[in-house]
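Here the structure comes first, spelled out in structure tokens, and everything after it is commentary.
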Amino acid sequence: MTSMSMDEVQAVLAPYHSQIQRVVVDSYEEWQRVSSFRAMSGYSPVLYSRTMANYVFDAIARNAQSTFSCDRTVLIRQESQTIKFIFGGKVIVRFKKGDEDNLGKNILTQAVLDYLDPQQILPGFPPEAAKVEIVWSSNEIGTSIEEILVVARDRHALLWSYRIDDEAGGVDESGVLPFPTGPGPDEFSPLVVIKPRKSERESK
């Protein structure tokens, strides 16, 4: 595998930034809607943060496949427990929830260790391609995405990272992605129709 510089990776991924951001935004918004539905249905909150991370990862995998499946410059590798994307034949990407150090959270299997070692060649992947993670993080109360980063690492060490800027119109000036706090009025509850007052009806 190749250790590409931040500028080199950014040059490869820049044409896809807007789509990548939208994939993450839409996937987190899906989780927010599911959470709202659970609350409205009387279910208790999920107990473990990994439940949310797993759901968002699943949504990202589905949305990213749909987004890039017709793009001949992006190859998709579906594996047993994960999915990877090869952009422009030069950069291998996987999506992860970030930790407090802006590194993807991982269970350290041998496959993960191979991915995190920049010198390790992955079977079936272009040997000249670099490996990076696209890492997302939410705010402390889990109501919005705070940032999306492209991260290069050497095992447990962060080599470099850069933030995917707003190119899809989804981030406000503070850099926080806004999401609805609950479903719209026509999603999980019947539309309420307000009838005119009696005096208004009689005057017509």
Side-chain angles (χ1 to χ4, degrees), residues 1-28 53 56-57 59-79 81-138 145-171 175-177:
M1 292 291 168
T2 302
S3 295
M4 295 175 67
S5 69
M6 184 181 74
D7 290 342
E8 290 172 322
V9 170
Q10 190 167 6
V12 173
L13 295 183
Y16 310 99
H17 280 178
S18 181
Q19 293 167 294
I20 290 170
Q21 184 186 44
R22 182 51 50 194
V23 163
V24 176
V25 168
D26 288 348
S27 300
Y28 197 81
V56 175
F57 175 80
I60 286 174
R62 288 184 277 106
N63 291 332
Q65 285 188 90
S66 176
T67 297
F68 296 114
S69 60
C70 295
D71 190 332
R72 294 188 177 183
T73 67
V74 182
L75 298 179
I76 302 173
R77 285 288 303 272
Q78 180 72 56
E79 301 175 355
Q81 296 295 323
T82 189
I83 187 170
K84 298 181 178 72
F85 300 83
I86 309 169
F87 290 88
K90 296 180 179 179
V91 177
I92 304 170
V93 162
R94 65 177 195 166
F95 292 85
K96 299 295 292 185
K97 184 180 186 296
D99 62 15
E100 60 276 3
D101 297 318
N102 292 326
L103 299 176
K105 292 184 176 181
N106 301 279
I107 298 173
L108 294 180
T109 64
Q110 187 59 51
V112 169
L113 292 172
D114 290 344
Y115 193 90
L116 300 181
D117 183 348
Q119 303 305 318
Q120 184 68 39
I121 295 176
L122 300 181
F125 288 87
E128 69 278 8
K131 298 174 290 186
V132 299
E133 294 180 326
I134 294 180
V135 172
W136 60 271
S137 59
S138 61
I145 294 286
E146 284 194 328
E147 61 183 359
I148 303 169
L149 301 174
V150 178
V151 174
R153 55 190 292 184
D154 185 347
R155 302 174 181 85
H156 300 293
L158 175 67
L159 298 177
W160 52 256
S161 69
Y162 73 86
R163 180 171 178 166
I164 293 182
D165 294 324
D166 175 35
E167 298 178 26
V171 180
V176 178
L177 299 170

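- A donor atom on one side chain and an acceptor atom on the other are not found under 3.5 Å apart for S5 and D7.
- Inter-residue side-chain proximity for I145 and V25 is flagged as unmet; no heavy-atom pair is nearer than 4.5 Å.
- The side-chain hydrogen bond (donor to acceptor under 3.5 Å, both in side chains) test applied to Q10 returns no partner, not counting sequence neighbours.
- Between K96 and R94 the shortest side-chain heavy-atom distance falls below 4.5 Å.
- Residues satisfying the salt bridge (Lys or Arg N to Asp or Glu O under 4.0 Å) criterion with R72, sequence neighbours excluded, are absent altogether.
- If you look at F95 and W136, their ring centroids are not closer than 6.0 Å.
- For the pair L116 and E133, the minimum side-chain heavy-atom distance is below 4.5 Å.
- Of all heavy-atom pairs spanning Y28 and V56, the tightest one is CD1-CG2, 4.0 Å.
- With sequence neighbours left out, D154 forms a side-chain hydrogen bond (donor to acceptor under 3.5 Å, both in side chains) with no residue at all.
- Two residues are said to be in side-chain contact when any heavy atoms from C-beta on lie closer than 4.5 Å; K131 and Q120 meet this criterion.
- The shortest distance between side-chain heavy atoms of I148 and I134 falls below 4.5 Å.
- Rounded to the nearest 0.5 Å, atoms CD (Q65) and CD1 (I60) are 12.5 Å apart.
- Counting heavy atoms from C-beta outward, T67 and R22 have side chains that stay 4.5 Å or more apart.
- By the side-chain hydrogen bond (donor to acceptor under 3.5 Å, both in side chains) test, Q81 pairs with no residue at all, sequence neighbours left out.
- Partners of R62 according to the salt bridge (Lys or Arg N to Asp or Glu O under 4.0 Å) rule, which considers only residues two or more places apart in sequence or in another chain, are E30, D58.
- Atom OG of S137 and atom CD of E147 lie 4.5 Å apart (nearest 0.5 Å).
- Side-chain atoms of Y162 do not come within 3.5 Å of backbone N or O of V151 as any donor-acceptor pair.
- Taking F87 as the reference, Y16, F68 meet the ring-ring contact (aromatic ring centres under 6.0 Å, His included) condition, with sequence neighbours excluded.
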Problem set entry | Step-by-step side-chain contact (heavy atoms from CB on, under 4.5 Å) determination, R77 to F85 | CA-CA 6 Å; R77 285 288 303 272; F85 300 83; over 6 Å; no

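- Side-chain contact between V150 and I164 is present, with at least one heavy-atom pair separated by less than 4.5 Å.
- For the atom pair NE2 (H17) and CZ (R163), the distance works out to 12.5 Å, reported to the nearest 0.5 Å.
- Nearest heavy atom pair, residue A53 against residue K97, reads CB-CD, 3.6 Å.
- Partners of S27 according to the side-chain hydrogen bond (donor to acceptor under 3.5 Å, both in side chains) rule, which considers only residues two or more places apart in sequence or in another chain, are N63.
- Here the shortest heavy-atom pairing between G98 and V135 reads CA-CG1, 3.1 Å.
- You'll find the side chain of D117 reaches within 4.5 Å of the side chain of R155, heavy atoms only.
- Of all heavy-atom pairs spanning A129 and G89, the tightest one is CB-O, 4.2 Å.
- Of all heavy-atom pairs between L158 and A152, the closest is CD1-O, 3.6 Å.
- Listed by chain and number, the residues in a side chain to side chain contact (heavy atoms under 4.5 Å, CB included) with L75 are I86 (sequence neighbours excluded).
- The salt bridge (charged side-chain N to carboxylate O under 4.0 Å, His left out) analysis of residues 83-92, with sequence neighbours excluded, yields the pairs E79-K84.
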